[in-house]
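Below you'll find the structure, written out as structure tokens, and then a few comments.
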Amino acid sequence: MIKGKKIILGITGSIAAYKAALIVRLLIKAGAEVKVIMTTSASNFIAPLTLSTLSKNQVLSELSENETWANHVALGRWADIMLLAPLSCNTLAKMANGICDNLLLAVYLSATCPVVVAPAMDEDMWIHQSTKQNINKLLSFGNHLIPVNNGELASGLSGQGRMAEPEEIIAWLEKFFLCKQELIGKRVLITAGPTHEQIDPVRFIGNHSTGKMGIALAKECMARGASVSLVLGPTAEAVPAGMEVIRVTSAREMLDACLTIFPQTDIAIMCAAVADFSPVTASAQKIKKLNDNITIELTQTPDILKTLGGLKNDGQFLVGFALETDNEKEHALQKLRKKNADLIILNSLRDQGAGFGKETNKITIFDQGENEYKFETKLKSAVATDIVNTILKVYHV
Ligand code: PMT
């Protein structure tokens, strides 16, 4: 609950700064106490007077003014959460590199509370490698990300980089304060959905995964306070705001995304139904039906879980899934060992209400000591709770 919470709102130089007035308004309405800190360039986009009137507090900007010094340490310790919205590319880069040339950055570096950022910038800047690295750095510091939206941008172009709407930011904060937060400061990587391996421009090899199970896990981890990166194969399932979503198509793309994120990850959960085979070459043109039979040469896709299992260090926890149709326990335990996972989550297509596309699932979890945790058929959201509870039992955060 936001009511009674002390919130520092940091505003930086971006056209989205005009939305900060609504953020303050909504926070005050929800019963929070708000102190606003602005960078100098933020005041080109919104007047400090507007924000001091709405927040009922003086707006701070300078480290020292006349003979007074703004106590950034006290401010950093006062807050229950520090929200930077909008976060410009420039301030992001400074935060990622420990630069401290204004009051906002000094408070950030002194903050003992959770920090959450809502970036805003043009698409080209957002997708630039340096921005990606800076965001990854912030996440590795345990800061949280409210992902950007897709839409109209200040440049007149349309694309990624638009700041989350004030209502979405408030909803993120509500959820953050409501949950138990055992995963606060942890970064969780989750794969979900199918992969599609292209045969030609109109056909692919895929499977029936919808991503429901992985998305439920991503929601659960986010609700427990984790910064979540969801690597998602092709699916029409909706994904809530508040997590980083990397959309991929093929197993190779899924592996590449995971390899980028894994070094900064504390817990990785591989829930995707990765296609096991891919055509050796994808035809550039639609393959014609010239003969009754056709042969397509297939090759194995990279095994993402196994690759991460080989890279895992002592502080990282790796969870795999096993989707089986026979000799379930034996096959699941083989996958646990072969892929160097810490837990394996078995679901069997022989169980009613388990597997692809359903709203429910039925799982048994095995750890490296071959301890068995059995669960009844439940909604995938409740299954996700059981999985996270088991992770917390085995992995001492
Ligand atoms: O998405 P839904 O419709 O909600 O369905 C959920 C689900 C049935 C897909 C999910 O619960 C599930 O079982 N996911 C794993 C499916 C699968 O591919 O299982 P597997 O036994 O073939 O693979 C074992 C593990 O290796 C899995 O963690 C898988 O992500 C991983 N793997 C497999 C192949 C590959 N090339 N790379 C991998 O990382």
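Just so you know, ligand 1 is whichever comes first in the structure, and atom 1 is the first atom listed for that ligand.
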Within a strict 4.5 Å, meaning less than it, do heavy atoms of the [X] and [Y] side chains meet?
{"X": "Arg203", "Y": "Lys286", "value": "yes"}
{"X": "Leu173", "Y": "Leu27", "value": "yes"}
{"X": "Val394", "Y": "Gln368", "value": "no"}
{"X": "Val231", "Y": "Leu189", "value": "yes"}

Handout entry: Cluster overlap Ile15 with Met125, hydrophobic side-chain contacts below 4.5 Å
Key =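 No, Ile15 and Met125 fall in different hydrophobic clusters.
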Can you pull out the closest protein heavy atom to [atom]? Residue, atom name and distance to 0.1 Å, please.
{"atom": "atom 14 (N) of ligand 1", "result": "Cys271 O, 2.9 Å"}
{"atom": "atom 2 (P) of ligand 1", "result": "Thr210 OG1, 3.4 Å"}
{"atom": "atom 34 (C) of ligand 1", "result": "Asp276 OD1, 3.4 Å"}
{"atom": "atom 11 (O) of ligand 1", "result": "Asn347 OD1, 2.6 Å"}
{"atom": "atom 37 (N) of ligand 1", "result": "Ile304 N, 3.1 Å"}
{"atom": "atom 23 (O) of ligand 1", "result": "Phe321 O, 3.8 Å"}

Problem - Under 3.5 Å donor-acceptor, Gln160 side chain and Val148 backbone - result: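 No, the answer is negative, given that no donor and acceptor are paired below the 3.5 Å cut-off.
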Exercise for the section: Output yes when a side-chain donor or acceptor of Gln316 lies under 3.5 Å from a complementary backbone atom of Phe262, and no otherwise. Expected result: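 A pair under 3.5 Å: yes.
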Using a 4.0 Å cutoff against the non-hydrogen atoms of [X], which atoms of ligand 1 qualify?
{"X": "Gly357", "answer": "2 (P), 3 (O)"}
{"X": "Ala322", "answer": "21 (O)"}
{"X": "Met213", "answer": "4 (O), 6 (C), 11 (O)"}
{"X": "Gly320", "answer": "28 (O)"}
{"X": "Lys335", "answer": "20 (P), 21 (O), 24 (C)"}
{"X": "Met270", "answer": "27 (C), 28 (O), 30 (O)"}
{"X": "Leu305", "answer": "25 (C), 26 (O), 28 (O), 31 (C), 38 (C), 39 (O)"}
{"X": "Lys212", "answer": "1 (O), 2 (P), 4 (O)"}

Problem - Donor-acceptor side-chain pairing of Asp367 and Tyr373 below 3.5 angstrom - result: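 A donor-acceptor contact under 3.5 Å links the two side chains.
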Exercise for the section: Would you please say whether a donor-acceptor pair under 3.5 Å links the side chains of Arg77 and Ser110? Expected result: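 Judged by distance alone, the side chains do not pair up.
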If we set the cut-off at 4.0 Å for heavy atoms, which region of [X] has an atom near ligand 1: side chain, backbone, both, or neither?
{"X": "Thr191", "answer": "neither"}
{"X": "Pro302", "answer": "backbone"}
{"X": "Lys339", "answer": "side chain"}

If you measure every N or O of [X] against every N or O of ligand 1, does any of those distances drop under 3.5 Å?
{"X": "Lys380", "value": "yes"}
{"X": "Ala272", "value": "yes"}
{"X": "Thr301", "value": "yes"}
{"X": "Ala273", "value": "no"}

Handout entry: Thr385, Thr360, Asp386 screened by side chain to side chain donor-acceptor pair (under 3.5 Å) with Lys378, the one that passes
Key =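 Result for side chain to side chain donor-acceptor pair (under 3.5 Å) with Lys378: Asp386.
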Between [Y] and [X], does any NZ, NE, NH1 or NH2 come within less than 4.0 Å of an OD or OE carboxylate oxygen?
{"X": "Lys212", "Y": "Glu359", "value": "yes"}
{"X": "Glu33", "Y": "Lys56", "value": "no"}
{"X": "Glu220", "Y": "Lys380", "value": "no"}

